[in-house]
Protein chains: 2
Amino acid sequence: MLSKKTRYAFRALSYLGENYGKGPILISDISKAKKIPLKFLENILNELKKADLLESKKGKGGGYSLKVSPKKINLATVIRVINGPIALLPCVSLNFYERCEDCDETYCGIRKVMTITRDATLKILEKKTLHDIIFASI
Amino acid sequence: MLSKKTRYAFRALSYLGENYGKGPILISDISKAKKIPLKFLENILNELKKADLLESKKGKGGGYSLKVSPKKINLATVIRVINGPIALLPCVSLNFYERCEDCDETYCGIRKVMTITRDATLKILEKKTLHDIIFASI
DNA sequence: TAATATCCTACCAATTTAGTAGGGGATATT
DNA sequence: AATATCCCCTACTAAATTGGTAGGATATTA
């Protein structure tokens with residue numbers, strides 16, 4: 001399950017995507033529009049910025065904006081930044097790999113299935129972008 | 001990510017699958033063979049029993065055994081019993097559905113993607129069985 | 001009735017989640 | 001230069017979840 005924080009991230013990014021090209025957007029605007037607790041949102045946007053998905057500007061006229069077009073931000077990237085691994089087991093994660101104790105990976109049946117599952121999931125989440133979720137309703 | 005408990009469940013079920021048809025197996029045997037803390041395993045097996053995947057017998061000569069053949073126990077079922085929802089959002093879960101607040105499901109783009117993801121995942125996890133993970137190495 | 005083995009209730013420490021509080025620092029305007 | 005604006009950073013906290021442990025109750029067999 002994705003955390004509430006991740007769902008907030010998607011909603012905030014959608015708002016920024018809808019306003020892409022219009023200059024910096026205030027945290028407080030996003031907070032109001034998407035009903036996300038302000039200080040929590042501050043934290044989320046900052047993490048997305050550190051992950052290079054957003055850029056920010058301080059002072060009057062400042063705010064956050066997408067660093068690249070909504071078509072270039074895929075959902076797998078967002079989930080990894082805010083939620084963590086996409087795979088169901090650490091030993092099949094591409095970005096957060098951790099070895100299993102007491103398990104020979106070559107012969108582990110669970111690992112084989114979880115690898116297939118990971119690939120199927122990634123095929124979708126890496127293809128779908130912010131643009132897709134913004135304009136899904138049309 | 002699947003919990004440690006779920007991974008224990010898979011390992012315990014694999015052991016029971018390997019010994020299918022041999023009568024009741026002791027919790028302590030599974031615990032030793034698969035290196036799972038005894039009392040924790042007790043709890044896990046009991047939950048699997050309540051979910052109708054195992055049957056148990058008390059007293060001397062007792063223990064746990066699979067209620068049906070390893071070919072009839074799919075991984076999605078096990079995950080749902082021990083880990084919970086398979087979907088990435090409650091609003092797209094088939095077995096643990098919960099409505100989103102502040103979201104029109106008909107037009108929610110995130111929901112659409114997460115539905116596709118869920119279906120792709122289930123297609124694999126509902127098809128793969130205990131038998132598959134036991135004999136994956138061959 | 002004694003031994004065996006599961007079942008049940010309750011507890012516990014560590015970690016994660018979902019925030020809140022408050023000030024610091026950069027920027028723009030007046 | 002002063003001030004208002006707005007992001008940035010550190011620290012704290014309550015509640016829930018995770019990963020167990022302890023101990024006795026209950027059922028079964030010999």
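First the proteins, then the strands, lettered A, B, ... as listed; each starts at 1.
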Under 4.0 Å protein heavy-atom contact, by nucleotide of nucleotides 1-6 of chain C - B base, S sugar-phosphate only:
---BSB
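Salt bridge status for A:Glu47 with A:Lys50: absent, with no side-chain N to carboxylate O gap under 4.0 Å.
Counting to the nearest Å, the P atom of C:dC12 and the CG atom of B:Asn43 are 18 Å from each other. Across the protein-nucleic acid pair, B:Lys5 atom NZ and D:dT21 atom P stand 13 Å apart, rounded to whole Å. Atoms NZ (B:Lys4) and P (C:dT15) sit 11 Å apart, rounded to a whole Å. In this structure, A:Glu55 atom CD and C:dT27 atom P are separated by 14 Å, rounded to whole Å. For the pair A:Glu47 CD and D:dC8 C1', the computed distance is 13 Å after rounding to whole Å. B:Leu2 places its CG atom 17 Å from the P atom of D:dT17, with the value rounded to the nearest Å. Rounded to an integer number of Å, the gap from A:Ile82 CD1 to C:dT16 C1' is 15 Å. The nearest whole Å value for the distance from the CZ atom in B:Phe40 to the P atom in D:dT17 is 15 Å.
To the nearest 0.5 Å, atom OH of residue A:Tyr64 and atom CG of residue A:Leu48 are 8.5 Å apart. Between the CD1 atom of A:Ile44 and the NZ atom of A:Lys4 there is a distance of 11.0 Å, given to the nearest 0.5 Å.
Contact between the side-chain N/O atoms of A:Lys39 and the OP1/OP2 oxygens of D:dT13 is not found at any separation under 4.0 Å. Taking only side-chain nitrogens and oxygens, A:Tyr8 never comes nearer than 4.0 Å to OP1 or OP2 of C:dA18.
Checking each of B:Leu16, B:Asn74, B:Leu53, B:Leu13 against B:Leu130 for a side-chain contact (heavy atoms from CB on, under 4.5 Å) leaves exactly one that passes, namely B:Leu13.
For B:Asn83 against B:Ser3, the heavy-atom pair with the smallest separation is OD1-N, 2.8 Å. Nearest approach of A:Asp52 to A:Lys67, heavy atoms of both residues: OD1-NZ, 2.9 Å.
Across all strands shown, the partner of C:dA13 is D:dT18, judged by Watson-Crick or G-U wobble contacts whose two distances both fall under 3.5 Å.
Relative to the side chain of A:Lys50, the nucleotides D:dC9, C:dA18, C:dC8 differ in distance, and D:dC9 lies closest.
Remark: the backbone N or O of B:Val92 is paired with a side-chain donor or acceptor of B:Arg118 at under 3.5 angstrom.
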